[in-house]
Number of protein chains: 4
Amino acid sequence: MQEAKRSGGAPAAGGGTDAGTEKPRRRQARGERRIAQLLDAAANVFCTTGYTAASTNSIAREAGVSPGTLYQFFPNKEAIAIELGDQLLRRWRETYGQAFLPVHTSLPLAELLDAVLDPLIEFNQANPAFAVLMQGSDIPGHARLQHEKLNTGLVERTEEILAGYLPDAPPAEVARTANTIFAIFKAGLGLILTHEGAERDAYTKELKTVLHRYLSPLVGEAGC
Amino acid sequence: MQEAKRSGGAPAAGGGTDAGTEKPRRRQARGERRIAQLLDAAANVFCTTGYTAASTNSIAREAGVSPGTLYQFFPNKEAIAIELGDQLLRRWRETYGQAFLPVHTSLPLAELLDAVLDPLIEFNQANPAFAVLMQGSDIPGHARLQHEKLNTGLVERTEEILAGYLPDAPPAEVARTANTIFAIFKAGLGLILTHEGAERDAYTKELKTVLHRYLSPLVGEAGC
Amino acid sequence: MQEAKRSGGAPAAGGGTDAGTEKPRRRQARGERRIAQLLDAAANVFCTTGYTAASTNSIAREAGVSPGTLYQFFPNKEAIAIELGDQLLRRWRETYGQAFLPVHTSLPLAELLDAVLDPLIEFNQANPAFAVLMQGSDIPGHARLQHEKLNTGLVERTEEILAGYLPDAPPAEVARTANTIFAIFKAGLGLILTHEGAERDAYTKELKTVLHRYLSPLVGEAGC
Amino acid sequence: MQEAKRSGGAPAAGGGTDAGTEKPRRRQARGERRIAQLLDAAANVFCTTGYTAASTNSIAREAGVSPGTLYQFFPNKEAIAIELGDQLLRRWRETYGQAFLPVHTSLPLAELLDAVLDPLIEFNQANPAFAVLMQGSDIPGHARLQHEKLNTGLVERTEEILAGYLPDAPPAEVARTANTIFAIFKAGLGLILTHEGAERDAYTKELKTVLHRYLSPLVGEAGC
DNA sequence: GATGAATGAGGATTCATTCAT
DNA sequence: TATGAATGAATCCTCATTCAT
């Protein structure tokens, strides 16, 4: 689950390929594991109780470590959320990120939506904390977390794709459209994640329908 | 500071205007005022800090009463949120509710959307706590609050209207569509409330566009 | 020990002499008692462990109340020290303060020293926390506490008396002399309070000797 | 940052000059360096935050080593303070100590004071931790640290000098006088170290004045 | 009904110290 | 030796809730 970073290599001292950059760590094998444990635990707790109600003690307990251990790796609760967001975004990019580059060339809208949404939804199902942090209507002073990292990343990506389809639209309008798309996506994602089985699929389809109908006039496709 | 309301008066019984229907709760006028004070304060505090971070003490302070007084009217924090939701829903119905009944007859979609959304948005601007409680991504065990009251109320209303337009659709589909509409509405409302001036208007328009494009095929109108 | 504030009067509502000024309190009889208890406890704990090592929980425990109760009256540890300092200074002034006014007229130095030091030493023996707060080499950011309250009060008083004796000295020099006197006093007080019986008396005498010899040339008295 | 002093020369034992007595601790050169590092760091931290508020972790961090390393050389925080006091006293003796032996022969008081105080003040300016540990009004159970080491050392030295001047005084009185002198010195030192430039010099002079006036009658000199 | 005092468990965070590597 | 991870009790402080007046 958390072993995504250093696949190969000796467990203690990181092989020999990039010797030199590894000096200031050393005994961090254990530490890295702990960090992963803690982030996992935080993801669970954030999903279960939300950010505000999540206590650092409960995260530590969930991770099976003492409170002090948590604070050896994170200076406070916010830092945990930030690092978790970063990690999820990184993981997202590593997992699906590359697939996006070719996407926005000039696919038909329906296929574009499939290509973009399916991986996102899949990733959110596998990492429900992602949605929690994106939504983040819980996190005090959340603009920092939300817009600087998770959302900005995705909104900007949306803007880029959008700009490819709407080269003539004024940037403010593109931004507004991207925000709207993203808000709709989050709303639909909420419905998808709170349903299961056939209903979940139906809501997935519905989300695509909404976005297709919203966007087809913009990109000059027949929506009817 | 806090004893400003204890005018004179007998401890148990006061006026006499509405005797008859209201007999056993005469001197509850004071109580009603207290409740209104407290709910107002709660609305402010919930908007400012969110539900979880709002403390009952801060609500009492904001209301200018003591913590003990708060607990004379509400058994716990959750009850405050529930009652606030009820009150807002009641207020909503009192203010705009009647106007809805005739609405869903057979207006063109665009006008229906105006007729439904404009009051809702207006009401949410005036009562931002409404949005907070609707969104409610803060409130632990929120399904109870959300779906039992605010949302259900509005979603059901949406379903009713929708059913008027789609008499042949299976109920499950109507429900799903209503949920989708409502989710989109909340998402758009979030954008609207977090922007101001021209941007706010633009997002309002965008929300209507989204819904119009989503719904026009359903209701058999030309959307293109 | 802490009943110095409202000697006479009914326990609950403070007699009738100053009716009118008592409104905004009401149930604070209990509260005042608690505050006194807490300040007493703080005095003990500060004396025993010093400011930094004193924990708010230990103060509450010493006072026989829960931590929460402490925080109903004091926002934090510093506030306790400040209020304790204020209370001690107030008590000092109430107890001996008036006696000082006539003092500095034109007593012979030896008698002035007796008149000033004996009450101060006596008061410090009765209220050892006074010395702790004066010394205050413990309290972080202590300039606020020390110089604004306890010390300033006494140093200024020293300056005034001194200025009476040295009308021609430049103010900077008077200030320096006052600081020196006060520092010597605190040093001597430390010795006095850490000894007992005959030794204590001997150190008291020694302190007076030091100050007498230091000051007699200044005030134009034969010191030899 | 912290290894700035290890210029040439082994500080205590290292080198090779006195081989023979030091045989079994060859490779302790590293250890000595570590200890010096740690004590330096402790001195800084104690000066900055005081003993109680200084954390062993912060000392280790300031020294650029891990907490575990610190505990390889010191069993606990108190031991660090004790060893630091010892080291400072040793350093004091190495630097100025010898000069004292001839001092107390029979200098005039004013010159004696210069001869004793100037180096002490200078040393304290260079090693502010010395004053912190001497004062030590922070250190819980400080009698141990204070009187067993720093202070005793200096007080005893004062007693010796004093006894040279007052051969007929009873020892208890000599001890009391020495304590008084030392207390005055510490008080004056506090004033000196908290002022700068001309004020610092003025307070230095004032301290000498105080002591001169206090002592001249004792040693049979004309103080007027 | 109203007040404000009282509670104590729980929150985030730190710290002296120990342990595995 | 040195490291840095680990601990858990203790720190300050808050909070929902209750109680005496």
Side-chain angles (χ1 to χ4, degrees), chain A residues 12 24-35 52-60 64-78, chain B residues 1-3 5-6 9 11-12 27-28 30-31 34 52-60 65-78 80, chain C residues 12-13 24-35 52-60 65-78, chain D residues 27-28 30-31 34 52-60 65-78 80:
Chain A
R25 310 193 209 153
R26 197 94 89 109
R27 199 49 27 84
Q28 262 162 351
R30 201 149 93 252
E32 302 266 10
R33 235 179 299 136
R34 276 287 122 85
I35 289 177
T52 302
S55 80
T56 54
N57 283 355
S58 69
I59 294 173
V65 302
S66 67
T69 297
L70 183 153
Y71 280 90
Q72 209 131 43
F73 298 101
F74 301 99
N76 52 48
K77 197 166 72 159
E78 194 187 3
Chain B
M1 198 183 284
Q2 59 278 13
E3 80 292 14
K5 76 284 321 227
R6 295 170 43 244
R27 209 23 6 134
Q28 274 168 338
R30 198 164 70 214
R34 277 284 125 86
T52 301
S55 79
T56 53
N57 283 349
S58 70
I59 294 172
V65 304
S66 66
T69 298
L70 183 151
Y71 279 89
Q72 231 140 22
F73 295 99
F74 300 100
N76 53 46
K77 196 164 80 156
E78 193 187 5
I80 301 173
Chain C
R25 313 191 206 152
R26 195 87 92 109
R27 201 50 27 84
Q28 262 162 354
R30 202 149 93 250
E32 301 265 10
R33 235 178 299 136
R34 275 288 123 84
I35 289 177
T52 302
S55 80
T56 54
N57 281 358
S58 70
I59 294 172
V65 302
S66 67
T69 297
L70 184 152
Y71 281 91
Q72 209 132 43
F73 299 101
F74 301 100
N76 52 47
K77 198 166 67 157
E78 194 187 4
Chain D
R27 205 31 358 135
Q28 273 168 337
R30 199 165 68 216
R34 278 282 124 87
T52 302
S55 79
T56 54
N57 282 350
S58 70
I59 294 172
V65 303
S66 66
T69 299
L70 184 152
Y71 279 89
Q72 231 139 22
F73 295 99
F74 301 100
N76 52 47
K77 195 165 81 155
E78 193 186 5
I80 300 172

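Letters A, B, ... are given to chains in the order of the sequence lines, protein chains preceding strands, and every chain is numbered from 1.
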F/dT11 C1' sits how many Å from C/F74 CZ, rounded?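 Taking CZ of C/F74 and C1' of F/dT11, I get 19 Å after rounding.
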
Integer-rounded Å distance: F/dC19 C1' and B/L70 CG: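 Distance check: B/L70 CG to F/dC19 C1' gives 16 Å.
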
In the 5'-to-3' direction, what one-character label does each nucleotide of nucleotides 13-18 of chain F receive under the scheme B = base within less than 4.0 Å of a protein heavy atom, S = sugar-phosphate only, - = no such atom? BBSBBB

Mind listing the closest non-hydrogen atom pair of [X] and [Y] along with its distance?
{"X": "A/S58", "Y": "A/A54", "result": "OG-C, 4.2 Å"}
{"X": "C/T56", "Y": "C/L70", "result": "O-CD1, 3.4 Å"}
{"X": "C/I35", "Y": "C/F74", "result": "CG2-CZ, 3.9 Å"}

Below 4.0 angstrom from OP1 or OP2 of E/dG8, is there any side-chain N or O of C/S66? no

Please check the phosphate of F/dT21 (OP1 and OP2 only) for any side-chain N or O of C/R30 closer than 4.0 Å. no

Convert the base pairs of DNA chain E into dot-bracket notation, remembering that pairs crossing earlier ones are written with [ ] and that bases paired across to another strand are shown as |; include only Watson-Crick or G-U pairs under 3.5 Å. .||||||||||||||||||||

Applying side chain to side chain contact (heavy atoms under 4.5 Å, CB included), name anything that partners D/T69, two or more places apart in sequence or on another chain. D/R34, D/V65, D/S66, D/F73

